Every structure is written in structure tokens, then in C-alpha cells.
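Read the structure below first, then the notes.
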Amino acid sequence: MTKQEINKYTEDINRLIENRNLAQAFSLLYSILSNLQNWQLQDRLYSLESTYKTMLNYYVKGAEDSERDKVYSDIIQSLYVIADQVIFQAKTTYYNSLFYDKRRINKLYYKENKDQVYAALEDIEGKIALLSLLDNNEQNDKLKEIEKQKEIISQNVFNNIWLSDIWNSSDKENWINIINDQLSFNDLSCLIITATTLNLMEVFDENKALLLFSFASDENDDIRERAIVGIILFLRKYNNRLHIYPSLGAKLKRIAQDAKFINSIRHIILQFILSKETEKITKKINDELLPEVMKMKNNNPKSGDIFNIEDFKIDDIEDKNPEWRNIIEESGIQDKLQELSELQLEGADIMHSSFAHLKSFPFFNEVTNWFKPFSTPIDAIGDKALTNLSEIIKASTMLCNSDKYSFFMSLSQMPESYRSMMTGQLNAETNAIKEAMSAELNIDSKKINYKTRQYIQDLYRFLKIHPKRKDFEDIFDVSPEFYKVPSIYNLINDDEDLLIIGEYYFDKNYFTEAADIFNHLLETEINNDALYQKKGYCLQMMGNIEDALEAYQKAELINANNTWTIKKLAFCNKALKRYDDALFYYKKVEKLNPDNLSIQLNIGHCYFELKDYEQALKYYFKVEYLSNNKVKAQKAIAWVSFMLGKYEQASSYYDKIGDDANYIDFLNKGHIKLAQNKTTEAIKNYHLSWSISNLSAENFLEVFNNDVPELIKVGIKEYEIPFIIDSILYEPKIATD
């Protein structure tokens with residue numbers, strides 16, 4: 001079977017079971033099993049189908065059966081389980097991907113049971129207890145041996161769970177006990193949770209999900225946050241199945257009473273929203289920030305003395321060379337740096353671009369190591385400088401675990417003098433960020449727990465950078481959004497949670513999702529004008545002007561004199577070409593803000609569109625007189641003067657525009673010269689307009705032809721238009737011959 005065929009089978013079987021077309025689902029499963037030769041699964045499927053046929057037989061005969069609903073539910077659940085196992089085996093047999101390649105190897109060569117893991121952990125505990133009896137050199141050697149043993153255990157356990165078959169309840173209890181047991185070290189517990197989550201992204205497994213639920217309220221932050229991330233990924237992927245698994249529903253209902261759990265759910269959703277910004281941030285750094293840095297370096301004659309790109313960090317620029325500050329302020333980089341610094345404190349992944357190229361170390365050949373909590377690497381044991389470096393890196397809250405390993409490996413290969421300098425800088429920055437975060441986290445419910453952020457960024461690195469990333473479903477690029485999943489929505493559907501999530505979408509310009517959440521909130525908060533304003537703005541930015549107008553109108557009914565709302569009502573009406581209504585609202589807002597020249601200009605535009613050119617001209621003159629930037633008003637005056645037949649005035653105003661003139665201005669100036677019977681000057685201006693427009697002849701003439709009705713109105717004969725067009729198309733010298 002091909003990958004495409006298996007994917008189609010999977011989609012069809014899930015759809016048939018979900019729609020309760022069980023006879024067809026049985027038939028399809030038999031056809032897959034005929035390729036797999038798994039007699040045990042075939043016997044289980046046959047037995048289940050026989051039970052279903054018996055139930056149907058009783059139903060057809062009209063027999064009363066008080067247990068029918070329960071039997072039917074059990075059949076559906078069992079059919080899902082068999083279907084999962086059939087598809088899982090088909091993928092294991094036929095798929096060529098990292099997961100299934102490793103799964104085939106793992107089934108052949110590696111299989112550690114609970115007793116073996118316990119024995120290995122007890123051995124580690126015994127060796128640790130004897131460390132104090134050894135001298136320093138022997139301690140370091142023994143500690144390296146212990147860490148290597150831990151590494152092997154971690155990799156084997158991770159792979160055994162990640163690549164495992166569907167569990168029974170005994171498997172689940174064994175791994176729960178290992179996490180809970182005092183013998184278990186924290187790294188291993190975290191990796192068990194992550195491996196369980198990754199396995200669930202490949203196949204539904206009730207017992208693995210129950211393991212995650214068991215640690216959703218754990219006191220250990222690392223374990224708890226990883227478990228909750230796994231839970232919401234599981235809920236999103238398998239929401240449609242939850243109703244047939246009472247055990248999962250009961251677990252979910254129980255932990256939903258824990259306020260800390262709900263808060264973590266909210267923070268995880270916010271971090272996933274924020275992860276959408278990562279590619280934008282990377283693009284901003286690569287396309288805007290770094291080119292500006294290089295430009296500054298190349299353009300400034302002193303740049304070699306005062307600016308070194310290696311010293312360029314995203315932080316406060318106080319206490320640096322004052323000449324740097326002048327260069328940065330003049331280049332506009334300061335604003336970009338400030339924006340990135342604020343995003344960094346908020347939890348945005350601004351480090352992705354920096355560390356994306358540092359994942360080629362052999363360390364990352366093991367999938368386990370992409371998710372391993374950072375601890376002192378084996379190579380640093382016994383080396384005081386490297387140990388100190390690893391401790392500083394470990395304390396950083398801004399780097400995720402895989403980036404910490406990348407950073408350590410990069411620095412450990414550098415000369416000692418440079419490494420010392422970087423260590424000092426990192427230590428100072430870490431302390432500064434900790435202080436900033438501690439001051440803000442307590443007062444801002446939108447700040448994301450750094451443990452949550454670090455783990456989700458580890459997942460992001462793996463799914464966006466790993467060489468085999470295309471073998472995995474990208475959890476950062478799938479639908480639906482978490483708040484749209486019923487089982488997750490039920491956890492965060494109070495107004496406070498929804499508002500925070502909605503505001504987050506809104507703040508990041510994800511207007512479709514923000515509008516959807518504001519709609520939910522407006523079902524109960526019907527008198528909240530701010531929500532109507534924000535909903536209207538979302539719809540406006542989505543291009544849905546008609547519905548945006550309706551939302552703004554509702555906001556106005558609640559708060560009639562809000563200037564912002566009135567301006568938006570004017571804008572939407574103008575965009576919809578309802579110039580009378582737009583003029584009404586612009587006039588209304590003019591009374592509230594009589595000195596706002598933008599409003600004056602828009603009133604002039606409305607009069608212009610209503611063909612009341614004299615009134616339009618009055619407002620344009622007013623704006624020109626009062627404004628420091630007169631160009632917009634001067635262009636409007638010039639064109640309206642032309643429409644009124646005031647050609648000398650129109651021409652003089654186009655002359656005033658000077659260097660701010662664009663190709664449309666030269667086109668219009670050509671029209672004026674044409675109306676004045678100055679055909680030679682008209683053709684010169686048309687040529688100039690075309691030359692600076694970068695338009696093709698066809699496109700330029702399309703623009704010109706749009707103005708033909710106005711030219712005819714001012715007296716240009718229709719039969720002259722082809723002469724003018726051909727004169728434009730010939731070489732410019734025709735105008736001077």
C-alpha cells in the first residue's frame with residue numbers, strides 16, 4: 001500500500017465510524033487487513049462484527065434491550081481501537097519516515113520493561129551514594145559514567161514510549177509509577193511525558209492520554225506544563241472521540257476544577273498564538289534589522305572603530321559608546337530593537353533565527369535531545385569554567401532547552417577569553433531579564449509562564465528545524481484554533497479567559513480569530529461598545545466593510561459621542577461610496593475636533609465625490625493654509641480647479657508640488673495643458689508621466705483612458721483622443737519637431 005492509500009483509508013474509516021456507518025467501516029478494515037496478515041486483529045474484528053450483527057438482529061426483530069445503547073457505545077469504542085491498531089500497523093509496515101523507520105528498528109532491537117528501568121535507576125542511585133567516598137578526580141570520572149548511563153536510559157525509555165504500540169492499563173500504571181517513584185530523575189520524567197505526547201500525535205491511545213491527565217496538577221513545573229501541553233494537543237486532535245471515552249471525560253472534568261490548570265491552558269494557547277509571530281520576527285531580523293546594521297557599518301567612515309556586529313545585542317543601549325546611539329537613532333534601528341525587546345519579555349521567540357543554524361551538532365541526531373531539560377553536559381564535568389558556563393545558561397529564562405544546548409556547544413568550542421566575555425554578558429542579561437519578568441508577571445495575566453514558553457519553543461524547533469520535520473504533522477500549522485475545539489473551549493469559556501485570548505489575537509493582528517471571540521463575548525456583553533469597536537475594526541481589516549459598519553453603528557448606539565467610532569463610521573461609508581452618509585459623520589466629528597486637518601481633508605473629498613466642487617475647494621484651501629504638509633491639499637486644489645475650469649490656478653498648484661509630484665500629477669498636468677490648447681506641453685507631461693510610472697504602454701493607456709470622460713467634459717473633442725494617444729506612444733521627439 002502507498003502512503004496516499006493509507007491516508008485515504010484512515011480518513012474514510014474515521015469518517016465512517018464517526019457517521020455510524022459501521023458496516024462499511026468493517027468492510028474497509030477487512031480490505032486493509034488482507035494486506036497485513038494479522039490474524040489476531042482479524043479475529044478481533046470478526047468477533048466484534050458478530051456482536052454488532054447480533055445486536056442488529058435483536059433490533060430488527062423488535063426485541064426490547066435495555067443494554068442496547070451501552071453495547072452500541074462499546075462496539076464503537078472497540079471498533080475505533082481496532083481501526084487505530086490496523087492503521088498503525090499499516091503505517092509501520094509501509095511508511096518510510098523517521099518515526100516509522102525507528103519504530104521498525106525499535107521493535108526488533110530495543111525493549112526495556114519496567115523492571116529493567118527500575119534496576120538501571122537503582123544502579124544509578126547506588127553509584128551516587130558512593131560518590132562521597134571518592135576523591136575529586138574519581139568523583140568526576142564516576143559522575144561522567146553516571147551521566148552517560150542516565151543518557152542511555154533516557155534515550156531508550158524515550159524511544160520505547162515514543163515508538164510504542166497502543167498501551168494497556170498495565171503499561172500506563174508502570175510508567176506512572178516510574179515518574180512518581182523517588183528513583184526517577186526529573187529529566188527522565190519530562191522525557192516520558194514528551195514521548196507520550198509525540199506518540200499520541202501519531203495514534204489515539206486512551207491510556208497514554210490518561211497518563212498525561214495524571215500529571216496535569218503535578219507540583220513539578222516542568223512535568224505539569226509538559227503534561228498540559230500534551231493534553232490540549234490531544235484534545236484538539238481527538239475531540240470528536242471524547243464522548244465515547246467516559247474515563248477521559250471524568251479526568252478532564254476533575255482537573256478542570258483546578259484554577260492553576262485552567263491558567264496553564266490559557267498561557268499555552270497564548271504561546272501558540274505568539275508562535276505564529278516567529279517567522280515574522282525572523283523575517284524582521286533578517287530583512288530589516290541586520291541589513292540596517294550592515295548599512296550603518298558600511299556607510300559610516302568610523303564604523304570600524306565604533307561598531308562591531310558581534311557586540312550588537314537586543315537590550316538597552318545605555319552605557320554604550322554615545323556615538324553608537326546617534327547612529328542607531330538616525331537609522332531607525334532603535335525602534336526595531338525596542339519592539340523586539342518588548343516581544344522578548346512578552347514571550348515571543350526572537351531567538352529562533354539565531355539558533356536555527358546551531359542544530360547541526362551530533363547531539364541533535366537523537367530525537368530525545370531536542371526535548372531534554374538542560375543540565376550540565378557530560379563534557380563540562382570536572383571543568384570548572386565549563387561547569388560555571390552551564391550553570392549560567394541553565395539559569396536563563398529566555399532560552400529554550402535545545403537552544404541552551406546549542407549555545408553551550410558553540411561557546412565551549414570558542415577561545416577561553418571570548419568565552420569568558422560572553423559568559424559575563426549572558427549572566428548580566430539573565431539577571432536583568434529575571435528582574436523585569438518578576439516585576440511584570442505578577443501584574444499581567446497575559447504574561448506566559450517561562451516553563452511553558454521554553455517547552456513550546458522546544459517543540460517548535462523540532463518541528464521547524466529537524467532535517468526530517470516533513471515526516472511529522474506540524475502542530476503549529478494545523479486547524480482548528482484551540483478555542484474552537486469544544487472540549488478546550490469548555491475550559492476557557494468564561495469572559496475573562498476569552499477576553500484575554502481575544503485581545504491577544506487582536507494585538508497580533510489575527511483579526512479573523514479575534515472577531516470570532518469578540519462575537520462570543522458580545523452574546524452576553526451586549527452593551528460593551530469597546531467590543532463592538534474592536535469587532536468592527538477586525539471586520540474592516542478583513543475587508544468586510546459592510547459588517548464593520550454595522551458593528552460601528554452598534555457601538556455608536558451605546559456611546560454616541562465617541563470620536564473614534566464616528567471617524568470609523570465616516571470611513572466605512574466613504575469606502576462604500578455612500579458619500580452623503582460619510583459627510584454626515586465627518587461633519588459630526590468636525591464639531592468634536594474642529595482643528596483636525598485630516599477630517600477637513602476628508603470632508604473636502606466627500607464634497608468632491610458629490611460633485612460640489614466649490615465646497616470641496618473651500619476645505620482644501622483651509623487645509624493648505626493650516627497644514628505644515630501642504631502637498632495633499634495642493635494636489636486636491638489643482639485637480640478641483642481643473643474640474644471647475646480654473647486652468648491657470650490648477651497649473652500653478654501643480655507647479656507648487658515640485659519634487660513631490662508623481663506620475664498621476666504629471667498626467668493631470670498634461671490634461672490641464674491640453675484643456676489650455678497647449679498640446680505640445682501636454683504631450684511632454686504625458687511622456688514624463690509614463691516614463692516615471694514604470695507601467696507598460698497598455699497599463700498606462702488604461703490609466704489615461706479612465707480620464708477621457710473628464711477631458712471631453714472640459715472641451716476636448718472625442719476625435720482628438722486617438723491623436724493624443726498615438727502622440728504619446730511615438731518617440732518623445734515628436735513633441736518638439
Side-chain angles (χ1 to χ4, degrees), residues 96-102 105-106 144 147-148 150-152 154-156 158-159 162-163 187 190-191 194-195 198 275 278-279 281-287 289-290 294 309-310 312-314 349-381 383 385-387 389-390 392-394 396 398-416 418-419 421-423 425-426 453-477:
N96 292 312
S97 67
L98 179 65
F99 177 83
Y100 290 101
D101 288 345
K102 281 183 169 291
I105 295 170
N106 197 71
K144 285 184 179 180
E147 289 302 321
K148 286 177 182 177
K150 281 185 177 183
E151 196 172 89
I152 292 170
S154 294
Q155 289 174 1
N156 288 343
F158 181 92
N159 286 329
W162 174 40
L163 307 168
D187 288 12
C190 291
L191 290 171
T194 298
L198 294 180
S275 72
T278 303
E279 295 304 325
I281 293 169
T282 299
K283 185 175 177 62
K284 181 182 285 290
I285 291 172
N286 292 337
D287 296 352
L289 185 62
L290 294 182
M294 295 308 298
I309 193 169
E310 296 298 328
F312 193 65
K313 299 189 304 174
I314 297 171
D349 192 357
I350 71 167
M351 300 297 184
H352 176 70
S353 62
S354 301
F355 288 95
H357 308 295
L358 296 176
K359 294 292 188 286
S360 58
F361 294 104
F363 175 83
F364 292 107
N365 291 341
E366 281 290 339
V367 173
T368 321
N369 292 335
W370 291 76
F371 306 105
K372 184 180 178 182
F374 184 82
S375 58
T376 302
I378 294 172
D379 292 342
I381 296 174
D383 185 319
L386 288 178
T387 300
L389 172 63
S390 71
I392 293 171
I393 292 174
K394 185 176 183 178
S396 171
M398 301 313 297
L399 297 179
C400 64
N401 291 292
S402 70
D403 285 356
K404 288 179 180 181
Y405 281 111
S406 296
F407 196 33
F408 176 85
M409 291 170 195
S410 299
L411 290 182
S412 64
Q413 295 177 3
M414 293 178 179
E416 174 62 32
Y418 190 83
R419 193 165 68 220
M421 179 191 72
M422 292 299 293
T423 301
Q425 289 180 347
L426 178 66
R453 172 176 48 76
Q454 287 176 329
Y455 181 51
I456 292 175
Q457 287 178 1
D458 283 331
L459 287 167
Y460 192 91
R461 300 290 185 277
F462 178 71
L463 292 168
K464 299 292 186 180
I465 303 174
H466 193 281
K468 293 285 189 177
R469 58 191 174 276
K470 291 185 179 178
D471 288 350
F472 301 93
E473 179 185 58
D474 188 348
I475 60 173
F476 296 93
D477 192 31

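In this text, all values refer to a predicted model and were calculated from it rather than measured experimentally. Computation of the quantities below employed the complete heavy-atom set of this structure, encompassing side-chain atoms and omitting hydrogens, waters and symmetry-equivalent molecules.
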Study note, to complete from the structure: In short, salt bridge (Lys or Arg N to Asp or Glu O under 4.0 Å) pairs touching residues 354-366 with sequence neighbours left out are K359-D403

Practice item. Calculate, to the nearest 0.5 Å, the distance between atoms CE and NZ belonging to M398 and K404 respectively. Key: 11.0 Å

**Study point:** Nearest-0.5 Å distance, CG of residue L389 to NZ of residue K394
**Key:** 13.5 Å

Point to revise | Step-by-step side chain to side chain contact (heavy atoms under 4.5 Å, CB included) determination, N96 to D101 | key: CA-CA 6 Å; N96 292 312; D101 288 345; 4.1 Å; yes

Point to revise | Minimum heavy-atom distance between Q454 and L399, given as atom pair plus value | key: NE2-O, 3.0 Å

Practice item. Taking all non-hydrogen atoms of both residues into account, name the closest pair between F361 and S406 and its distance. Key: CE1-O, 3.9 Å

Check your understanding: Are L459 and W370 side-chain neighbours, meaning at least one heavy-atom pair lies under 4.5 Å?
Key -> no

**Study point:** Salt bridge present between K464 and D474 (N-O < 4.0 angstrom)
**Key:** yes

Exercise for review: Before giving the answer on side chain to side chain contact (heavy atoms under 4.5 Å, CB included), spell out for Y455 and T194 the whole-Å C-alpha distance, their side-chain angles and the decisive distance to 0.1 Å.
Suggested key: CA-CA 10 Å; Y455 181 51; T194 298; 3.0 Å; yes

Exercise for review: Would you check if the side chain of S390 reaches a backbone N or O of T387 as a donor-acceptor pair within less than 3.5 Å?
Suggested key: yes

**Study point:** Considering all heavy atoms, the nearest F364-S402 contact
**Key:** CZ-O, 3.4 Å

Revision key, fill the gap. Taking every heavy atom of L191 against every heavy atom of S154, the minimum-distance pair comes out as CD1-CB, 3.7 Å

Check your understanding: Between S375 and D187, which heavy-atom pair has the shortest distance, and what is it?
Key -> OG-OD2, 3.7 Å

Exercise for review: Test K468 against F99 for side chain to side chain contact (heavy atoms under 4.5 Å, CB included), laying out the working first.
Suggested key: CA-CA 9 Å; K468 293 285 189 177; F99 177 83; over 6 Å; no

Review point. Should the pair F374 and Y405 be assigned to parallel (<30°), tilted (30 to 60°) or perpendicular (>60°) ring geometry?
Key: tilted

Review point. For the ring pair Y460 and F476, is the centre-to-centre distance below 6.0 Å?
Key: yes

Review point. Looking at N401 and K372, what are the two nearest heavy atoms and their distance?
Key: CB-O, 3.4 Å

Point to revise | Non-hydrogen side-chain atoms of L463 and I475 separated by less than 4.5 Å | key: yes

Review point. Who passes salt bridge (charged side-chain N to carboxylate O under 4.0 Å, His left out) against D471, sequence neighbours left out?
Key: none

Check your understanding: Can you tell me how far OG of S412 sits from CG of L386, rounded to the nearest 0.5 angstrom?
Key -> 6.0 Å

**Study point:** Distance-only donor-acceptor check, side chains N159 and N106, under 3.5 Å
**Key:** no

Check your understanding: Say you draw a straight line from NE2 of H352 to OG1 of T278; how long is it, rounded to the nearest 0.5 Å?
Key -> 7.0 Å

Point to revise | Test item: L98 and H466 side chains (from C-beta on) under 4.5 Å apart, heavy atoms | key: yes

Review point. If you round to the nearest 0.5 Å, how far is CD1 of I378 from CD of E151?
Key: 4.5 Å

Exercise for review: Look up atom CZ in R461 and atom CG in L358, then write down how far apart they are to the nearest 0.5 Å.
Suggested key: 10.5 Å

Exercise for review: For F371, check ring pair (Phe, Tyr, Trp, His ring centres under 6.0 Å) against everything at least two apart and list the hits.
Suggested key: F462

